[in-house]
Q: 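Quick one: structure below, then a few questions.
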Amino acid sequence: MYRDQTLSSLLAYLGALPFWALALAPFVGLDPAWAESAFLAYGTGIACFMAGTIWSQAQISQVRPVSLLLLSNGAALVVIAALLLHDLVPLLALVLQAATFLLLLLADHRLFRNNDQPAWYFALRRNVTFLVILAYGLAMLTA
């Protein structure tokens, strides 16, 4: 399942770049409302993708798969709800998405502790999540 560490790492770090580009966009003169909408849309896509990785790992894990399946579905629903709430409460939308990324990391940690993930994969998830959460913090400054 974890076959290409180099490519997986490269793609994961590249996936964090749009968060930073969109979080920095208002500081370089781009429309803050557009940048925030794009940031949340991108966050929704990535969080749903990450929720899908938890879903697939739940299929092979010895950890109670029901809780992982419910978590992966719930995470996707929360980030979609956050995207829809953006116009009403932009800061809450960002906080909900950031919290969901942390929740997904906790699910990965649970899988790692159960030996369902190699150490390099969990380290990658931890590092990239840290970068993404920092970008959310920066995006919150203009919300």
Side-chain angles (χ1 to χ4, degrees), residues 1-61 63-114 116-118 120-143:
M1 182 168 174
Y2 300 91
R3 297 193 184 187
D4 196 332
Q5 181 177 350
T6 302
L7 182 58
S8 294
S9 297
L10 176 66
L11 293 173
Y13 283 108
L14 287 174
L17 286 177
F19 284 108
W20 280 91
L22 292 166
L24 290 168
F27 297 100
V28 295
L30 282 127
D31 178 31
W34 175 86
E36 192 172 279
S37 291
F39 185 97
L40 284 163
Y42 184 71
T44 300
I46 296 300
C48 286
F49 173 79
M50 296 313 303
T53 67
I54 300 298
W55 173 277
S56 69
Q57 290 178 21
Q59 307 304 317
I60 61 169
S61 175
V63 175
R64 295 181 1 200
V66 171
S67 62
L68 290 172
L69 292 172
L70 292 173
L71 182 137
S72 69
N73 280 266
L77 292 172
V78 167
V79 295
I80 291 167
L83 180 64
L84 297 174
L85 286 172
H86 170 250
D87 288 338
L88 298 172
V89 279
L91 184 59
L92 178 61
L94 290 163
V95 168
L96 284 172
Q97 284 199 358
T100 301
F101 277 103
L102 290 174
L103 185 63
L104 291 167
L105 180 63
L106 289 174
D108 273 312
H109 185 257
R110 186 171 173 203
L111 288 161
F112 168 68
R113 278 193 347 247
N114 197 56
D116 288 327
Q117 289 180 347
W120 71 264
Y121 181 78
F122 180 71
L124 172 66
R125 287 282 294 113
R126 181 198 60 224
N127 296 345
V128 173
T129 298
F130 178 72
L131 291 172
V132 168
I133 295 302
L134 286 177
Y136 270 89
L138 182 60
M140 288 177 200
L141 294 176
T142 59

Q: Answer whether the closest heavy-atom distance between the side chains of Trp55 and Asn73 falls below 4.5 Å.
A: yes
Q: So, applying ring-ring contact (aromatic ring centres under 6.0 Å, His included) with Phe39, which one of Tyr136, Trp34, Trp20 is it?
A: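 Only one option passes, and that is Tyr136.
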Q: Could you tell me the separation between the CD atom of Gln5 and the CG atom of Leu10, rounded to the nearest 0.5 Å?
A: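 Rounded to the nearest 0.5 Å, the CD-CG separation comes out at 12.0 Å.
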Q: Under 6.0 Å between ring centres, would you say that holds for Phe112 and Tyr121?
A: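 Ring centres of Tyr121 and Phe112 not closer than 6.0 Å.
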Q: Hey, what do you get for CG (Leu85) to CD (Gln97), rounding to the nearest 0.5 Å?
A: 10.5 Å
Q: Would you name the heavy atoms of Leu124 and Ala12 that are closest together and state the gap between them?
A: CD1-CB, 3.8 Å
Q: What's the spacing between Gln59 CD and Ile54 CD1 if we round to 0.5 Å?
A: 12.0 Å
Q: List the residues meeting side chain to side chain donor-acceptor pair (under 3.5 Å) with Ser37, not counting sequence neighbours, and say none if there are none.
A: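 Here no residue qualifies.
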Q: Hey, mind stepping through Leu105 and Phe122 against side-chain contact (heavy atoms from CB on, under 4.5 Å) and telling me if it holds?
A: CA-CA 8 Å; Leu105 180 63; Phe122 180 71; 3.7 Å; yes
Q: Should Leu71 and Leu104 count as side-chain neighbours, where that means a heavy-atom distance under 4.5 Å?
A: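 Yes. Closest side-chain heavy atoms under 4.5 Å.
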Q: What distance separates Leu17 CG from Leu22 CG, expressed to the nearest 0.5 Å?
A: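 Reported to 0.5 Å precision, the distance equals 11.0 Å.
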Q: Using every non-hydrogen atom in the two residues, find where Ala76 and Ala51 come nearest and quote the distance to one decimal.
A: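 So the minimum-distance heavy-atom pair works out to N-CB, 4.4 Å.
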Q: Have Gln57 and Asp116 got a donor and an acceptor in their side chains that come within less than 3.5 Å?
A: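 Note: Gln57 and Asp116 side chains miss the donor-acceptor criterion.
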Q: Applying side chain to side chain donor-acceptor pair (under 3.5 Å), can you list everything that pairs with Glu36, at least two apart in sequence or on another chain?
A: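 Partners of Glu36 by the side chain to side chain donor-acceptor pair (under 3.5 Å) criterion, ordered by chain and then number, come out as His86.
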Q: Side chains of Leu141 and Pro26: closer than 4.5 Å at any heavy-atom pair?
A: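 No; the side chains remain at least 4.5 Å from each other.
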Q: Is the closest side-chain heavy-atom distance between Leu138 and Phe19 below 4.5 Å?
A: no
Q: Using side-chain heavy atoms (C-beta onward) and a distance below 4.5 Å, is Leu94 in contact with Leu40?
A: yes
Q: Check this for me: Phe49, atom CZ, are more than 12 non-hydrogen atoms of other residues, nucleotides or ligands nearer than 6.0 Å?
A: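 Check fails, neighbour count at 12 or below.
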Q: Minimum heavy-atom separation for Ala16 to Val128, with atom names?
A: CB-CG1, 4.3 Å
Q: Return yes when atom CZ of Phe27 has more than 12 non-hydrogen atoms of other residues, nucleotides or ligands closer than 6.0 Å, and no otherwise.
A: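 Enclosed.
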Q: At their closest point, which heavy atom of Trp120 faces which heavy atom of Ser8, and how far apart are they?
A: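 Smallest interatomic distance, heavy atoms only, reads CH2-CB, 3.9 Å.
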Q: For the residue pair Val79 and Ala47, what are the closest heavy atoms and their distance?
A: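 Nearest heavy atoms, Val79 then Ala47: CG1-CB, 3.6 Å.
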Q: Using the side chain to side chain contact (heavy atoms under 4.5 Å, CB included) rule, pick out the option among Leu96, Thr44, Val78 that qualifies with Leu83.
A: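 Checked Leu96, Thr44, Val78 against Leu83; only one passes side chain to side chain contact (heavy atoms under 4.5 Å, CB included): Thr44.
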Q: Run the side chain to side chain donor-acceptor pair (under 3.5 Å) test against Thr129 and tell me which residues pass, sequence neighbours left out.
A: Arg125
Q: For a 4.5 angstrom cut-off between non-hydrogen side-chain atoms, does Met50 reach Ile46?
A: yes
Q: Contact between Ser67 and Arg110 at the side-chain level, heavy atoms closer than 4.5 Å - yes or no?
A: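 Ser67 vs Arg110: side chains touch.
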